[in-house]
Amino acid sequence: MARSNQRPHKPNAKGRNNKAARFSMLPHRVLESVAFASLGLTARQLLMELISLFNGLNNGSIYLSIKDATDRLGLSDSRPSMQAFKDLQDRKLIELTKEAHFSVKASSGSRARCWRIPWEAWPENPTRSRRGPNWDFETYHPMGGTRASKRAHRRLDSIKRYKRQVTSGKLPDVDFTVLPVIKSK
């Protein structure tokens with residue numbers, strides 16, 4: 001029987017935990033961009049799935065097929081996944097680095113499409129030079145009157161409204177650094 005009251009992983013000789021919980025990071029610069037704001041919910045979630053596959057070293061080698069993306073998103077139809085990949089590529093929030101290759105089924109040569117997150121460095125660039133992050137998605141602007149344009153307008157207006165309320169003092173500041181002392185009886 002395993003003991004549940006102990007740490008799940010022991011620290012190493014230097015006091016660090018080698019098996020610490022991983023996390024996914026999405027910069028505010030991306031979250032507040034028109035390209036991200038114009039995405040539908042399926043495309044946003046697909047972007048989060050791709051970011052969760054990124055481990056800090058495998059940018060440009062993030063393999064995710066449409067079928068696997070459909071399964072990860074909990075969808076039964078692959079058309080929304082295909083559209084989400086297309087939307088993310090059109091907005092330059094992801095880049096295709098290697099096309100799918102299925103010459104022989106169940107072979108070592110078979111593979112799914114390979115993706116890159118552009119705002120992260122790409123150490124495995126095929127030209128053997130390290131390509132730095134790019135922010136090309138910031139140049140995206142949806143055509144007026146489309147769903148994407150309306151969605152982006154609503155989201156960005158909401159963010160501006162929130163920032164205005166914070167700076168004007170209309171929202172209360174909550175200090176979470178100091179916790180109240182709870183006395184036991």
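In this chain, numbering begins with 1 at the start of the sequence shown. Both backbone and side-chain heavy atoms feed into the values below; hydrogens, waters and symmetry mates do not.
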Original post:
Mind checking what makes side-chain hydrogen bond (donor to acceptor under 3.5 Å, both in side chains) contact with Arg151, not counting sequence neighbours?
Top reply: none
Original post:
Are Glu95 and Pro118 side-chain neighbours, meaning at least one heavy-atom pair lies under 4.5 Å?
Top reply: yes
**OP:** Indicate yes or no: at least one non-hydrogen side-chain atom of Asn59 is less than 4.5 angstrom from one of Thr97.
**Re:** no
Subject >> Closest non-hydrogen atom pair between Ser61 and Cys114, with its separation >> reply: CA-SG, 3.1 Å
Original post:
Can you list the residues that meet the side-chain hydrogen bond (donor to acceptor under 3.5 Å, both in side chains) rule with Asp77, with sequence neighbours excluded?
Top reply: Arg79
Subject >> Residues which pass side-chain contact (heavy atoms from CB on, under 4.5 Å) with Ala84, listed by chain and number, not counting sequence neighbours >> reply: Thr42, Ala43, Leu46
**OP:** Using the six-membered ring wherever Trp is involved, compare the ring planes of Trp135 and Trp119 and label them parallel, tilted or perpendicular (cut-offs 30° and 60°).
**Re:** parallel
Subject >> pair Gln45-Arg72: side-chain heavy atoms closer than 4.5 Å >> reply: no
Subject >> Test log, rule side-chain contact (heavy atoms from CB on, under 4.5 Å), inputs Glu49 and Leu73 >> reply: CA-CA 8 Å; Glu49 291 295 330; Leu73 296 173; 4.1 Å; yes
Original post:
Leu31 and Leu156: same hydrophobic cluster, using ILVMFWY side-chain contacts below 4.5 Å?
Top reply: no
Original post:
Hey, any chance Ile51 and Phe137 share a hydrophobic cluster, counting ILVMFWY side chains that come within less than 4.5 Å of each other, even indirectly?
Top reply: yes
Original post:
Taking only residues two or more places apart in sequence, or in another chain, which ones meet Arg155 in a salt bridge (charged side-chain N to carboxylate O under 4.0 Å, His left out)?
Top reply: none
Subject >> Partners passing side-chain hydrogen bond (donor to acceptor under 3.5 Å, both in side chains) against Gln89 (at least two apart in sequence or in another chain) >> reply: none
**OP:** Kindly indicate whether a cation-pi arrangement holds for Arg91 with Phe36, taking the cut-offs as under 6.0 Å to the six-membered ring centre and within 45° of the axis.
**Re:** no
Original post:
Looking at residues at least two apart in the chain, or sitting in another chain, which of them share a side-chain hydrogen bond (donor to acceptor under 3.5 Å, both in side chains) with His153?
Top reply: Asp157
**OP:** Identify, with sequence neighbours excluded, every residue that meets salt bridge (charged side-chain N to carboxylate O under 4.0 Å, His left out) alongside Lys160.
**Re:** none
**OP:** Determine whether Tyr162 and Val34 fall in the same hydrophobic cluster, where Ile, Leu, Val, Met, Phe, Trp and Tyr are linked whenever their side-chain heavy atoms lie under 4.5 Å apart.
**Re:** no
Original post:
Tyr140 and Leu88: same hydrophobic cluster, using ILVMFWY side-chain contacts below 4.5 Å?
Top reply: no
Subject >> Sequence neighbours excluded, every pair satisfying ring-ring contact (aromatic ring centres under 6.0 Å, His included) that has a member inside residues 54-80 >> reply: none
Original post:
With sequence neighbours excluded, what pairs up with Ser149 under the side-chain contact (heavy atoms from CB on, under 4.5 Å) test?
Top reply: Pro142, Thr146
**OP:** Going by the side chain to side chain contact (heavy atoms under 4.5 Å, CB included) test, name the single residue among Glu32, Arg164, His28 that passes it with Ile159.
**Re:** Glu32
Subject >> Sequence neighbours excluded, every pair satisfying ring-ring contact (aromatic ring centres under 6.0 Å, His included) that has a member inside residues 66-96 >> reply: Phe85-Trp115
Original post:
Are any of the side-chain nitrogens in Glu138 or Lys92 under 4.0 Å away from the carboxylate oxygens of its partner?
Top reply: no
Subject >> Residues, nucleotides or ligands: over 12 heavy atoms within 6.0 Å of Lys98 NZ >> reply: yes
Original post:
Who pairs with Thr70 by side-chain contact (heavy atoms from CB on, under 4.5 Å), at least two apart in sequence or on another chain?
Top reply: Ile66, Leu75, Ser78, Ser81
Original post:
Linking I/L/V/M/F/W/Y whenever any side-chain heavy atoms sit under 4.5 Å apart, do Met48 and Leu50 land together?
Top reply: yes
Subject >> Residues in side-chain contact (heavy atoms from CB on, under 4.5 Å) contact with Asp90, at least two apart in sequence or another chain >> reply: Lys86
Subject >> Nearest-0.5 Å distance, OG of residue Ser24 to CG of residue Asn55 >> reply: 10.5 Å
Original post:
Could you state the interatomic distance from OG (Ser52) to CG (Leu64), rounded to the nearest 0.5 Å?
Top reply: 8.5 Å
Original post:
Between Lys150 and Arg154, is a side-chain contact (heavy atoms from CB on, under 4.5 Å) present by the stated rule, with each step listed?
Top reply: CA-CA 6 Å; Lys150 292 175 185 176; Arg154 281 193 307 265; 4.0 Å; yes
Original post:
Just by modelled atom types, is the Leu93 backbone N or O under 3.5 Å from a matching donor or acceptor in the Asp136 side chain?
Top reply: no
Subject >> Neighbour count above 12 (heavy atom, 6.0 Å) for Leu96 CG >> reply: yes
Original post:
In Å and rounded to the nearest 0.5 Å, what is the CG to CG distance from Asn58 to Leu53?
Top reply: 7.5 Å
